[in-house]
Amino acid sequence: MIKMLGAIYGDVLGSVEEFEETKYEDISKMKLFSKDAHVTDDSVLTCAVAEWLLHDIVKNYYDDDELRLLLAKRFVEWTRWSADIEIAYGISYTDWFYKAEEKKIYDPINSYGNGSAMRVSPVGLYANSMEEALELARITASVSHNHPEGIKGAQAI
């Protein structure tokens, strides 16, 4: 739980720097605990992954298509919820969400961005072995980030 909270705290604390061009030679110069800090899409989808692991996974049984669909539906639920608090999502993910929400089409978007790595931390808490962690990380990435680099990013974390 601490690792997942650490990922969310880091996300919130870093949210004020997300679109800034500032380069810090000394990270102690960063302004932490800014009044402008906020939850981002990465924290929301991290919670969706955690809920998926706690409620949708049967240990040692991994049917890729079934698990991907269950996680995609979790992403839709959490994204819909986060609209009430005005969380911003990337353009590609937003396109994926509307297709999933309105048309019930959950096809991945072949992304190789960092989103798959940003939301995967609950897998490390859940898995009982490196092999299980790598497999679950692959599945969490493949919902949207099914490009090999997107999968590698999730598995690296």
Side-chain angles (χ1 to χ4, degrees), residues 1-15 17-21 23 27 38-83 85 87-157:
M1 181 63 103
I2 297 299
K3 290 178 186 177
M4 190 173 129
L5 289 176
I8 293 171
Y9 290 151
D11 183 42
V12 172
L13 294 174
S15 66
E17 302 289 338
E18 189 166 6
F19 298 106
E20 298 298 318
E21 296 288 329
K23 303 290 184 216
I27 63 169
H38 58 278
V39 171
T40 76
D41 56 330
D42 297 323
S43 290
V44 171
L45 296 179
T46 296
C47 292
V49 169
E51 186 176 54
W52 172 75
L53 289 166
L54 292 172
H55 299 289
D56 297 331
I57 297 284
V58 175
K59 278 285 196 186
N60 300 318
Y61 168 74
Y62 301 126
D63 177 293
D64 281 13
D65 292 334
E66 180 182 347
L67 291 177
R68 223 183 344 266
L69 178 60
L70 290 168
L71 181 56
K73 289 179 178 182
R74 295 284 182 192
F75 284 170
V76 168
E77 290 170 17
W78 280 84
T79 303
R80 189 180 319 114
W81 167 83
S82 69
I85 55 174
I87 299 291
Y89 289 83
I91 293 168
S92 294
Y93 180 83
T94 301
D95 290 344
W96 176 89
F97 168 74
Y98 284 118
K99 197 173 180 182
E101 172 81 327
E102 295 173 10
K103 298 179 182 177
K104 307 298 183 225
I105 297 172
Y106 303 98
D107 296 338
I109 53 178
N110 202 35
S111 177
Y112 55 87
N114 69 353
S116 62
M118 300 300 287
R119 65 186 185 217
V120 74
S121 60
V123 166
L125 299 170
Y126 180 86
N128 289 319
S129 68
M130 180 64 78
E131 292 77 22
E132 184 177 32
L134 291 171
E135 180 65 8
L136 289 171
R138 183 187 64 74
I139 293 168
T140 66
S142 66
V143 171
S144 55
H145 293 65
N146 61 325
H147 186 281
E149 295 302 313
I151 292 170
K152 286 178 191 175
Q155 289 177 323
I157 297 303

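One is the number of the first residue; the rest follow in order along the sequence.
Although no hydrogens or angles enter the test, the distance criterion places a donor-acceptor pair under 3.5 Å between the side chain of Q155 and the main chain of L134. Side-chain atoms of R119 come within 3.5 Å of backbone N or O of T140 as a donor-acceptor pair. Within the 3.5 Å criterion, the main-chain N or O of P108 finds no donor-acceptor partner in the side chain of N146. Remark: side-chain polar atoms of S121 are not paired, donor with acceptor, to backbone N or O of A7 under 3.5 angstrom. Distance alone, capped at 3.5 Å, is enough to place a donor-acceptor pair between the E132 side chain and the N128 backbone.
With sequence neighbours excluded, no residue satisfies ring pair (Phe, Tyr, Trp, His ring centres under 6.0 Å) with Y9.
One side chain, S111 or H145, offers a donor N or O that lies under 3.5 Å from an acceptor on the other. Looking at R68 and S142, their side chains do bring a donor and an acceptor atom within 3.5 Å of each other.
For the atom pair CE of M118 and CG of L45, the computed distance is 10.5 Å after rounding to the nearest 0.5 Å. Rounding to the nearest 0.5 Å places CG of L67 at 8.5 Å from CG of L71. Here the CD atom belonging to E51 is positioned 11.5 Å from the CG atom belonging to L70, to the nearest 0.5 angstrom. Atom OH of Y89 and atom CD1 of I87 lie 6.0 Å apart (nearest 0.5 Å). Between the SG atom in C47 and the CG atom in D42 there is a gap of 11.0 Å [rounded to 0.5 Å].
The shortest non-hydrogen separation linking L136 to W52 is CD2-CH2, 4.1 Å. In this structure, V123 and A137 approach most closely via the heavy-atom pair CG1-N, 4.0 Å. Here the shortest heavy-atom pairing between A154 and V120 reads O-CG1, 3.6 Å.
Note on ring orientation: taking the six-membered ring where Trp is involved, the planes of F75 and Y93 are perpendicular (angle over 60°, cut-offs 30° and 60°).
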Contacts under 3.5 angstrom, residues 94-102 side chains, donor-acceptor by atom type, not counting sequence neighbours:
from	atom 1	to	atom 2	distance (Å)
T94	OG1	G90	O	2.8
W96	NE1	D107	O	3.1
E101	OE1	R80	NE	3.4
E101	OE1	R80	NH2	3.0
E101	OE2	R80	NE	3.0

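A salt bridge links R138 with D64: the distance from a Lys NZ or Arg NE/NH1/NH2 to an Asp or Glu carboxylate oxygen falls below 4.0 Å.
Annotation for L54: atom CG counts as buried by contact number, over 12 foreign heavy atoms lying within 6.0 Å.
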